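Beneath this line is the structure, given in structure tokens, with notes to follow.
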Amino acid sequence: MPRDPLIGLVGKPSAGKSSTLNSLTDATSKVGNFPFTTIDPQRAIGYLQIDCACARFGLTDRCKPNYGSCVGGRRSVPIELLDVAGLVPGAHQGKGLGNKFLDDLRHADALIHVVDVSGTTDAEGKVTRGYDPSADIAWLRSEIVAWIRGNLMEKWGSIRRRHIAVKATAVETLQNQFSGYGSTSAVVARTLDRLGMKEPLEEWSEETIDRVVNAFTDEKFPTVIALNKIDHPDADKNIAKIAKMQDPNTIVLCSAISEIFLRKMAKQGYIRYTEGSEFVDAKEDLIAAGDPDGGGLKELDEKNRNRIENLKDMVLYRFGSTGVVQVLSKAAEILGLVPVFPVKNTTTFGSGSGESKAVFRDCVLVKKNSTVADVARKVMGDAPIAYIEGAGGTRVAEDHVVSVGKNDILSFKVGK
């Protein structure tokens with residue numbers, strides 16, 4: 001199954017980006033931690049938690065995903081992540097191999113900006129105290145804007161002349177320039193619509209170009225701000241300041257190192273932990289709740305028992321979770337991702353042989369406003385489609401839009 005869209009993780013050195021990426025990929029899939037270098041970007045598979053279609057039909061006990069997992073109707077769906085090595089101020093001028101790192105971002109559909117909200121690392125990731133992390137949010141965006149603007153202005157004279165000569169539309173001309181960032185004509189059109197742009201492209205001033213580049217950056221690279229290290233004593237004041245400056249719908253509070261520790265202890269059999277929640281139980285907790293065997297868990301030593309209690313107080317009870325699961329959920333939300341379940345049989349929801357009782361084996365993530373035809377191309381490629389069925393065997397038109405609970409269970413019948 002396709003695993004796009006691609007989510008890029010960015011941030012300065014020592015912000016906790018690698019820890020965040022490891023905590024996102026070490027999910028219920030049993031994949032484990034990935035080794036990441038600090039120079040070349042690497043791709044990995046993270047797991048987005050969604051409500052599975054099996055719960056709608058009371059089939060949670062028969063849901064057996066080919067990829068990821070499904071527990072009680074809560075499904076972990078693979079989504080591709082891109083780790084981009086630490087950016088530093090001046091990246092668009094080549095500082096710190098910045099041009100290479102910025103170029104690696106161009107395929108990303110959304111960004112997760114991991115910010116060290118403790119203020120204990122400066123702009124270049126060096127240890128300090130009292131640094132203002134809101135500056136990191138501002139400079140990362142300004143680096144991307146400066147990179148795109150610089151590339152555009154370098155050729156603006158010839159772009160303008162060609163635009164006039166071929167009598168192109170503004171969307172056509174800009175798409176020719178922005179396609180290298182993974183843009184589409186629809187993205188460019190939304191950018192101009194966002195600005196209510198009426199002025200002919202050949203008359204644009206530098207100020208107008210700046211407005212267009214800023215709007216394009218927001219449209220092409222929607223960004224989740226992951227405020228990491230929330231358990232540090234200096235974090236609260238920085239969180240409060242950033243919350244006043246940024247759209248609160250783009251902010252997620254997290255502690256990646258806490259998530260990694262909890263998942264490690266759960267895998268080793270010391271605790272029972274529900275990812276994305278505040279629920280952590282040790283052996284004595286389960287015994288106190290009436291389970292004489294304590295869930296079969298191992299005894300915690302005093303050091304780890306104290307660490308877990310401290311983590312509960314500083315992170316789980318204060319914030320409701322470590323925030324790591326919510327980081328990917330927020331990225332999916334700003335992209336408007338819709339899970340679609342391709343099946344072979346729209347009555348039994350099976351995908352394999354008639355003997356198999358497993359349901360909803362596959363799931364793909366598509367962007368909001370995608371049509372049934374868009375899903376068919378993503379799943380089936382160039383294969384000729386005779387017709388498409390929805391749940392219950394009803395025929396579905398190719399131009400129908402998919403959404404959660406509507407046209408999201410599909411069977412593609414091959415033929416001419």
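In this text, all values refer to a predicted model and were calculated from it rather than measured experimentally.
- Between F221 and F216, the ring planes lie perpendicular to each other; the angle is over 60°, past the 30° to 60° tilted range.
- Side chain of S205 to backbone of T208: a donor-acceptor contact under 3.5 angstrom is found.
- From T20, atom OG1 reaches atom CD1 of I257 across 9.5 Å, with rounding to the nearest 0.5 Å.
- Of the charged side-chain nitrogens involved, none lies within less than 4.0 Å of a carboxylate oxygen, so that R211 and E207 do not count as a salt-bridged pair.
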Verdict with reasoning, D51 to R75, per salt bridge (charged side-chain N to carboxylate O under 4.0 Å, His left out): CA-CA 6 Å; D51 293 326; R75 188 167 183 141; over 6 Å; no
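- Geometrically, K220 does not engage Y181 in a cation-pi contact defined by less than 6.0 Å to the ring centre and at most 45° from the axis.
- A donor-acceptor pair under 3.5 Å is formed between the side chain of D132 and the backbone N or O of S134.
- For the pair H113 and T223, the tightest heavy-atom approach, listed with the atom from each and the gap, is CB-CG2, 3.9 Å.
- Interatomic distance, N176 CG to S185 OG, rounded to the nearest 0.5 Å: 8.5 Å.
- If you look at F279 and Y273, their ring centroids are not closer than 6.0 Å.
- Of all the heavy atoms in I50 and P339, the pair that sits closest is CD1-CB, 3.5 Å.
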Worked verdict on E389 versus S411 for side-chain hydrogen bond (donor to acceptor under 3.5 Å, both in side chains): CA-CA 5 Å; E389 286 183 352; S411 178; 4.9 Å; no
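- No side-chain heavy atom of K368 sits less than 4.5 Å from a side-chain heavy atom of L335.
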Please step through salt bridge (charged side-chain N to carboxylate O under 4.0 Å, His left out) for the pair R141 and D218, ending with a clear verdict. CA-CA 9 Å; R141 187 180 184 283; D218 292 337; 2.8 Å; yes
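- With values rounded to the nearest 0.5 angstrom, E284 atom CD is found 12.5 Å from D291 atom CG.
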